*Asks:* 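Take this structure, written in structure tokens, and hold onto it; I'll ask about it next.
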Number of protein chains: 2
Amino acid sequence: MDAALAEDSYDLIVLDVMMPGEDGLSVCRRLRVAGSIPILMLTALGDDDDRIRGLDLGADDYLPKPFNPRELVSRVRAILRRTSHRENGIGHLAGRRVKFSHLELDYDQAVLASNDGTAVPLTSGELKLLSIFLERPRATLRRDELALLTAGRELGPLDRTIDNQVSRLRRKIEPDILRPRIIRTIRNEGYCLSCDVEVIE
Amino acid sequence: MDAALAEDSYDLIVLDVMMPGEDGLSVCRRLRVAGSIPILMLTALGDDDDRIRGLDLGADDYLPKPFNPRELVSRVRAILRRTSHRENGIGHLAGRRVKFSHLELDYDQAVLASNDGTAVPLTSGELKLLSIFLERPRATLRRDELALLTAGRELGPLDRTIDNQVSRLRRKIEPDILRPRIIRTIRNEGYCLSCDVEVIE
DNA sequence: GCACGTTGATACATTTGGTGACAAAACGGC
DNA sequence: GCCGTTTTGTCACCAAATGTATCAACGTGC
């Protein structure tokens, strides 16, 4: 699958959970970190909690076996209806340069250049987090969504990982660190990139 | 439902199939003709063919009763993840500046600038409350409506939460705190933004 | 193995907003 | 007007949420 994905692009993946070796949930996690390709999970495990976990891991739908093949078709159609004509989000940033606020990100170089001429390198984690925000300007992202999209992991109850990453990123992008205005905190909800984003060709 | 839809905009509809009068499938059809609001169908009819029909009519997902409430939440999230847009729930204010009374709100910066040159930052809670008022100028909003819109929660009988939030917001926007003119109290009813609102750009 | 940078975990400081108490204001009946 | 009642304003306190410094674990390149 990895080889095929590297080769071509696909509209949707139907993913079984019970597989020898790496299981479907783990694959789902990896796919989510890598991009936003639609996933329909399919499994004999009809358990509620399994479905919930699958969906929370970023799957678009979860169909328990045994299933009616026509239902599979209908569900695939339902997902594609939603995902196909989706132009609103900024596509993939890989290889692009992106302007936002007073900054310009060079994705390939992982370098942030400021209006005032200074430039800062980003670590891979910071770049990942920042691109997730840049692809979804003005969307409020919960901590668990961010954890899923950055690292493909679920958050424990006392997990401050995302706060830490945001804090580190802010240090590099906020002009006034005491009053963050690019990545804003939405109390009880998460974080939100509150500026326009322009992708340079 | 039709009246509510004409009045406000919604992110998603959870639709039961078995209803007295017009049934859910018919409603779904109508909604699809009217627009693309996400629909999650919910029903006691667990039959394959019903699910397939629902999905083919344009529903985004179809969950048979009895269902696990957490699964409903996960499925709603999965749909909303796809339909993205969801910019904070704050429709047309995101990224705008708004003039009202002697003030100008910069939504992105979460800063209130006054005619006299002073500027005050707002907390995320204050910003949310203020935007709710700014989106509904001169509408009287009951405390329970405000609680629902700000925090998505119901109010207890002795709950002074909203009064407190309004009080805190007033401190930042009222020129004469002893005589609030911008957010007026309507006794036994609620609060009301009593000035014109102009969205810039 | 060692120096280095990155990242997650932990601990602590700070901010925010809900709660309950009480004061002030509004209202109604007289 | 006067009083009692209800409603509202706001203060002080506290619990929860968030920001971030620091440390440990880990990997990487030499």
Side-chain angles (χ1 to χ4, degrees), chain A residues 29 33 110-112 120-130 132 140-192 194, chain B residues 110-111 120-132 140-192 194:
Chain A
R29 239 191 306 256
V33 174
V111 166
L112 259 183
V120 200
L122 296 179
T123 70
S124 66
E126 290 160 351
L127 179 65
K128 182 83 197 170
L129 181 61
L130 179 56
I132 287 168
T140 299
L141 298 165
R142 290 191 316 281
R143 276 160 237 271
D144 60 305
E145 290 179 299
L146 289 170
L148 194 65
L149 292 167
T150 52
R153 63 185 208 136
E154 292 167 275
L155 279 187
L158 297 175
D159 211 317
R160 314 299 314 284
T161 301
I162 295 298
D163 302 68
N164 261 300
Q165 290 186 344
V166 169
S167 176
R168 281 168 177 144
L169 179 56
R170 274 177 173 161
R171 231 177 276 163
K172 296 193 179 177
I173 69 175
E174 296 286 352
D176 177 4
I177 193 63
L178 294 177
R179 191 141 286 297
R181 45 179 199 163
I182 300 179
I183 296 182
R184 250 197 302 133
T185 306
I186 315 291
R187 182 172 238 253
N188 287 317
E189 308 208 16
Y191 296 98
C192 164
S194 68
Chain B
V111 165
V120 199
L122 298 179
T123 69
S124 74
E126 291 161 349
L127 180 67
K128 184 164 258 172
L129 181 62
L130 179 56
S131 346
I132 288 167
T140 299
L141 297 165
R142 276 178 284 107
R143 276 159 239 270
D144 60 308
E145 291 177 304
L146 289 169
L148 200 63
L149 290 166
T150 51
R153 62 176 205 146
E154 314 260 318
L155 277 190
L158 297 175
D159 212 317
R160 313 305 319 266
T161 299
I162 295 299
D163 302 70
N164 256 298
Q165 289 187 345
V166 170
S167 174
R168 283 168 173 143
L169 180 56
R170 274 176 172 163
R171 236 176 272 166
K172 296 193 178 178
I173 69 176
E174 296 287 353
D176 178 4
I177 193 63
L178 297 176
R179 253 174 228 85
R181 303 191 167 265
I182 301 181
I183 295 182
R184 256 192 309 130
T185 305
I186 315 291
R187 181 168 241 256
N188 286 317
E189 310 259 337
Y191 297 97
C192 165
S194 64

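The analysis underlying the following values was restricted to heavy atoms, covering all of them including side chains, and did not include hydrogens, waters or symmetry mates. In the text below, chain A, chain B and the rest are named by the order of the sequence lines, each starting its count at 1. These figures come from a predicted structure and were not determined experimentally.
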*Asks:* Quantify the bending of the helix from dG1(C)-dC30(D) to dC30(C)-dG1(D) as the angle between its end axes, each fitted on five pairs, to 10°.
*Replies:*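 End axes: 30° apart.
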*Asks:* Would one find a side-chain N or O of Ser167(B) under 4.0 angstrom from OP1 or OP2 of dT8(D)?
*Replies:*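 Answer is no, no contact under 4.0 Å.
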*Asks:* Would you say Thr161(B) and Arg153(B) are linked by a side-chain donor-acceptor pair, where the criterion is simply a distance under 3.5 Å?
*Replies:*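 Result is yes, a qualifying pair exists.
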*Asks:* Rounded to whole angstroms, how far apart are CG on Leu178(A) and C1' on dT15(C)?
*Replies:*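 Leu178(A) atom CG is separated from dT15(C) atom C1' by 13 Å.
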*Asks:* When you get a sec, tell me which of dT10(C), dG8(C), dT8(D) is the closest nucleotide to the side chain of Asn164(A)?
*Replies:*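 The answer is dT10(C).
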*Asks:* What closest approach, in Å, do Arg160(B) and Asp163(B) show between heavy atoms, and which atom pair accounts for it?
*Replies:*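 Result for this residue pair: NH2-OD2, 3.0 Å.
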*Asks:* To the nearest Å, how far apart are Tyr191(A) OH and dT20(D) C1'?
*Replies:*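 About 11 Å, once rounded to whole Å.
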*Asks:* Of the options dT16(C), dA17(D), dC11(D), whose atoms approach the side-chain atoms of Thr123(B) most closely?
*Replies:*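 Per side-chain heavy atoms of Thr123(B), the pick is dT16(C).
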*Asks:* Looking at Arg171(A), I'd like to know whether one of its side-chain N or O atoms comes within less than 4.0 Å of OP1 or OP2 on dA21(D).
*Replies:*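 Result: yes.
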*Asks:* Atom CG of Leu155(A) to atom P of dT10(C): distance rounded to whole Å?
*Replies:*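 Nearest whole value for this atom pair: 13 Å.
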*Asks:* Identify the heavy atoms of Arg179(B) and Glu174(B) that sit nearest to each other, and give their distance.
*Replies:*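 Looking at all heavy atoms of both residues, the closest pair is O-OE1, 4.3 Å.
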*Asks:* So what does Arg168(A) touch, heavy atoms closer than 4.0 Å: a base, only the sugar-phosphate, or nothing?
*Replies:*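 Since a base atom lies under 4.0 Å of Arg168(A), the category is base.
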*Asks:* Take the protein atom CD1 of Ile162(B) and the nucleotide atom C1' of dG9(D), then report the distance between them rounded to whole Å.
*Replies:*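 Going from Ile162(B) (CD1) to dG9(D) (C1'), I get 14 Å.
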*Asks:* Can you tell which of dG8(C), dT15(C), dT8(D) lies closest to the side chain of Arg160(B)?
*Replies:*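 Among dG8(C), dT15(C), dT8(D), the one nearest the side chain of Arg160(B) is dT8(D).
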*Asks:* Identify whether any heavy atom of Arg170(A) sits under 4.0 Å from a base atom; if not, whether one sits that close to sugar-phosphate; answer base, sugar-phosphate or nothing.
*Replies:*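 It contacts sugar-phosphate atoms only.
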